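Scroll down for the structure; my scribbles are underneath it.
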There are 2 protein chains.
Amino acid sequence: MRQAATVPDDVLKLSAWLPYRLFLVAAQVARPLEGFYGEAFGLSQAGWRILAVIAERDSANAAEIGRACALDPFAVSRGIGQLVELGFAVRRSGKLDRRTAAVSITRSGRNAFNRIAALGNAIEARLLSRLTEAEQATLGSALTRLEAESARIDAGGWRALLDDRGGS
Amino acid sequence: MRQAATVPDDVLKLSAWLPYRLFLVAAQVARPLEGFYGEAFGLSQAGWRILAVIAERDSANAAEIGRACALDPFAVSRGIGQLVELGFAVRRSGKLDRRTAAVSITRSGRNAFNRIAALGNAIEARLLSRLTEAEQATLGSALTRLEAESARIDAGGWRALLDDRGGS
DNA sequence: CAATATACTTGCATCGTGCAATTACCTATG
DNA sequence: CATAGGTAATTGCACGATGCAAGTATATTG
């Protein structure tokens, strides 16, 4: 009964694998929200993210937006285009560097944002209602470190993952 | 100075919004993994998820697979098709109900799975290395409840979110 | 004042996704 | 036991998202 060879230590149970669990919650919660802003405003996911970013700034250029919501320049450009078409944002060419454009939210963009944010907050509240205050605090602090570590993992690529043990 | 009207309680800061934070970690961590199994095996995300599911079962039909990895029947069918083409899975028509097919992993499918799972485990280890044991336990238990609550949110759709206060 | 670099945009080819229609099969009913 | 209706899975097609090459406009540098 040399069964050991058929049970490698590489087992991975999808439903218990941390990245999948995070993905699952994020995906399940994103669907109703996307449904809402899609139907109500014809907004794409990138459009919503960008709208949220410019809602909390006076203005931002494409690079800043991309950094703030993890979108590549192409997606940012198209997302801004969509918001401008919808009348939710305006582009003004940058005063200092005219290759950049200062994007800002319009009044009707802010109205849309407020409606979507209300739903977003309701979703977050539903999730948090299942956690104690202590758990919420722990989760928040843990997520900060997970965000940093996942950014490093992403930056390193898969080749870097196969040999090295642990991190700094 | 009736400024209150211009500062509604609908503010939502993307970078502090729980669903976005979960999404961000999941997405950043998924990219290197997808890069790996995409280049190495020509596998899609659905293909990888299905492979992981049939790796832990003797066989499964499409409906079971879909339930286990949150994929709709179309995606499952196409994912299985891909795995069969790659030689990673075989379909045998179900003995009890011949509308269903019993899908099982092949030897070479398991080889591929083991290689990918090694990477997946490395990623998870990197993430967990940033958390204390206590935090890992709290996160695990919190995620269980978040999974359940997000499933309810998803099932209810966005209309159910706008009026009701709290949950059960 | 070229030459090169940067910020962003556009076009195009490709791929994933959603949905209607289809096939094959099972089950219940008269 | 024929058939009507339901279910599991698949396929075709249309559409939108995504990735990348190339283009435009502007800035910077030697």
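Quick caveat: nothing in here was measured; it's all calculated off a predicted structure. Here is how names work: the chains are called A, B, and so on, in the same order as the sequence lines, proteins then strands, and each is numbered from 1.
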DNA chain D: B/E64 or A/Q82, which has the more 5' nearest nucleotide?
B/E64

Between A/R145 and B/E135, is the closest basic N to carboxylate O distance under 4.0 Å?
yes

Closest to the side chain of A/S77, out of D/dA9, C/dG18, C/dT9, is C/dT9

A/E133 atom CD: more than 12 heavy-atom contacts under 6.0 Å:
no

On the side chain of A/R31, is there an atom forming a donor-acceptor pair with the base of C/dG18 - under 3.5 Å, no angle test?
no

Which whole-number value in Å describes the distance from B/R91 CZ to D/dA9 P?
10 Å

Can you find a donor-acceptor pair, distance only, under 3.5 Å between A/R78 side chain and C/dG11 base?
yes

Let me know the distance between CZ of A/R99 and C1' of D/dT28, rounded to the nearest Å.
8 Å

Starting from C1' on C/dT27, measure out to CG on B/D97 and report it in whole angstrom.
10 Å

Look at the side chain of B/A63 and decide which nucleotide, out of D/dA9, D/dT7, D/dA27, has an atom nearest to it.
D/dA9

Between P of D/dA25 and CG of A/N61, the distance in whole Å
20 Å

Closest to the B/F74 side chain, choosing from D/dA9, C/dC19, C/dT9
C/dC19

Interatomic distance where CG belongs to B/L71 and C1' belongs to D/dA8 [whole Å]:
16 Å

So, the side chain of B/W17 versus the backbone of A/G120: is there a donor-acceptor pair under 3.5 Å, distance only?
yes

Output the rounded distance in Å from CD (A/E39) to P (D/dG16).
15 Å

Any donor-acceptor pair under 3.5 Å linking the side chain of B/E124 with the backbone of A/L18?
yes

Charged N to carboxylate O under 4.0 angstrom, B/E149 versus B/R152?
yes

For A/L96 and C/dT6, give me the distance from atom CG to atom P, rounded to whole Å.
17 Å

Quick one: B/D72 CG to C/dT17 P, roughly how many Å, whole number?
9 Å

Just N and O in the side chain of A/R98: are any of them under 4.0 Å from OP1 or OP2 of D/dT26?
yes

